[in-house]
Amino acid sequence: MIRINENYTKLKASYLFSDIAKRVSAYTAANPGKPVIRLGIGDVTEPLPRVCVDALHAATDEMAARATFKGYGPEQGYAFLREAVAQHDYAARGCKIDADEIFISDGSKCDCGNIQEIFAQDVRLAIPDPVYPVYVDTNVMAGRTGANVDGRYQGVTYLESTPANGYVPAVPAVATDLIYLCFPNNPTGAVATKAQLTAWVEYARRNRAVILFDSAYEAYIRDPAIPHSIYEIEGAREVAIEFRSFSKTAGFTGTRCAYTVVPKTLMAYDAAGNAHALHALWNRRHTTKFNGVAYPIQKAAAAVYTEAGRKQTSDLIDFYLANARLIREAMNRLGFKCIGGDNAPYLWINTGRDSWEFFDLLLNRAQVVCTPGAGFGKCGEGHVRISAFNSRENVETALTRIAAALR
Ligand code: PLP
């Protein structure tokens with residue numbers, strides 16, 4: 001009798017987006033003349049930058065000619081893209097990351113989810129709350145947690161992000177081994193200062209732990225004092241893996257391209273205490289289970305680093321950040337405290353009441369959809385996430401409606 005991986009039965013079903021969809025369709029069915037605006041989405045709305053589209057077309061033409069056709073590429077990515085990443089995302093910010101420490105992939109979701117495979121079954125996990133759900137769920141699937149009791153998996157150290165700590169968790173009092181951090185954060189939009197990240201790197205060094213640093217929203221950082229990479233922190237090459245994605249930087253959510261940095265100086269240990277380079281383990285995993293990102297997509301990603309590409313992606317992000325500013329100002333005028341939106345595409349609104357109650361209020365009175373914070377973790381209760389990924393017209397209309405409804 002074939003048996004299932006019973007760890008999957010421990011997964012708490014996420015009803016967040018299906019619950020939202022149900023409430024929205026019930027509302028629109030009952031109110032057909034009242035169009036709803038979705039400010040809850042985590043997907044980009046604007047098209048690919050022109051340079052990326054041109055690079056895609058040119059690379060597709062190469063695939064059409066025998067002389068330039070490409071079959072399987074290197075699993076880790078083409079050198080032209082790895083070198084562009086090393087130069088523009090790292091060397092330019094004073095970080096020493098070599099091109100062969102960069103693994104190109106088809107998304108940070110997969111990388112954040114798969115990375116846990118190279119660690120022992122009994123590593124002690126530290127995971128933020130609220131958070132992008134992939135970190136915890138992939139560890140549940142792998143059997144690294146106990147059951148879910150009252151919304152939390154047993155055996156996980158939750159790093160609480162609350163108004164009291166400015167939504168940036170401090171290092172825990174207990175020792176942990178595998179620490180997930182995400183800055184700029186989804187869902188809160190919070191960013192970590194150099195001092196806060198330094199404390200994490202020091203904690204990891206003390207505990208011989210590893211930090212998994214998800215900086216999918218790095219390109220939204222506008223405050224020059226905020227680090228873009230964990231490798232801007234001294235000693236991070238010995239304790240951190242970093243995940244980056246072209247999804248929110250250049251509108252690649254449907255195009256799919258990302259990368260993971262595993263420094264060659266990053267070690268973890270076997271049961272006998274011998275050190276092993278995680279780079280070699282991840283390389284083995286990547287080359288065994290992944291066959292590379294399509295050549296035209298990697299060409300489109302490399303175009304992001306050209307002069308025109310940097311200008312076009314920066315303009316794209318400025319557009320979303322201007323949406324975010326409008327949202328923040330409008331919510332502040334209504335008396336709500338919120339963070340995010342200045343160095344991130346998300347705003348985290350402290351609603352002062354139950355997050356689903358606030359969701360219903362916005363839907364029923366303003367026909368605006370937000371994302372209830374409770375769906376991202378216990379500490380998300382009392383908050384909602386509003387996303388800047390939308391057209392200017394939708395944002396302005398939504399804000400006018402919210403102001404009229406809540407005034
Ligand atoms: N990490 C965070 C924090 C995200 O919010 C997302 C997407 O929403 C991802 C990773 C996934 O990015 P990708 O599109 O590269 O899979």
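Both counts, for ligands and for their atoms, begin at 1 and track the order of listing.
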In terms of side-chain heavy atoms, does Asn139 have a donor or acceptor partner in Tyr153 at a distance below 3.5 Å?
-> no

For Glu160, what residues pass the salt bridge (charged side-chain N to carboxylate O under 4.0 Å, His left out) criterion, not counting sequence neighbours?
-> Arg152

Could you list which atoms of ligand 1 come closer than 4.0 Å to a heavy atom of Asp214?
-> 1 (N), 2 (C), 3 (C), 10 (C)

Kindly say whether Gly40 contributes a backbone atom to a donor-acceptor pair with the side chain of Thr371 at under 3.5 angstrom?
-> yes

Quick one: do Asp98 and Lys96 make a salt bridge, cutoff under 4.0 Å?
-> yes

Output the list of atoms in ligand 1 that are nearer than 4.0 Å to some heavy atom of Cys182, sorted by atom number.
-> 3 (C)

Element-labelled atoms of ligand 1 that are located less than 4.0 Å from some non-hydrogen atom of Gly107 = 15 (O), 16 (O)

Give yes or no for whether the N/O distance cutoff of 3.5 Å, strictly under, is met between Tyr346 and ligand 1.
-> no

Applying salt bridge (charged side-chain N to carboxylate O under 4.0 Å, His left out), name anything that partners Arg237, two or more places apart in sequence or on another chain.
-> Glu101

Could you tell me the residue and atom name of the protein heavy atom closest to atom 9 (C) of ligand 1, and the distance to it rounded to 0.1 Å?
-> Tyr132 OH, 3.3 Å

Side-chain contact, heavy-atom cut-off 4.5 Å: Arg385 with Asn186?
-> yes

Identify, by atom number and element, the atoms of ligand 1 in contact range of Ser247, meaning under 4.0 Å from any of its heavy atoms.
-> 13 (P), 14 (O), 15 (O)

Give a yes or no on whether a salt bridge exists between Lys311 and Asp315, defined as a side-chain N under 4.0 angstrom from a carboxylate O.
-> yes

Is there at least one pair of N or O atoms, one from Ser108 and one from ligand 1, spaced under 3.5 Å apart?
-> yes

Counting each atom of ligand 1 from 1 as listed, which ones have a heavy atom of Lys248 under 4.0 Å away?
-> 7 (C), 8 (O)

Would Tyr217 count as a contact of ligand 1 if the rule is a heavy atom under 4.0 Å away?
-> yes

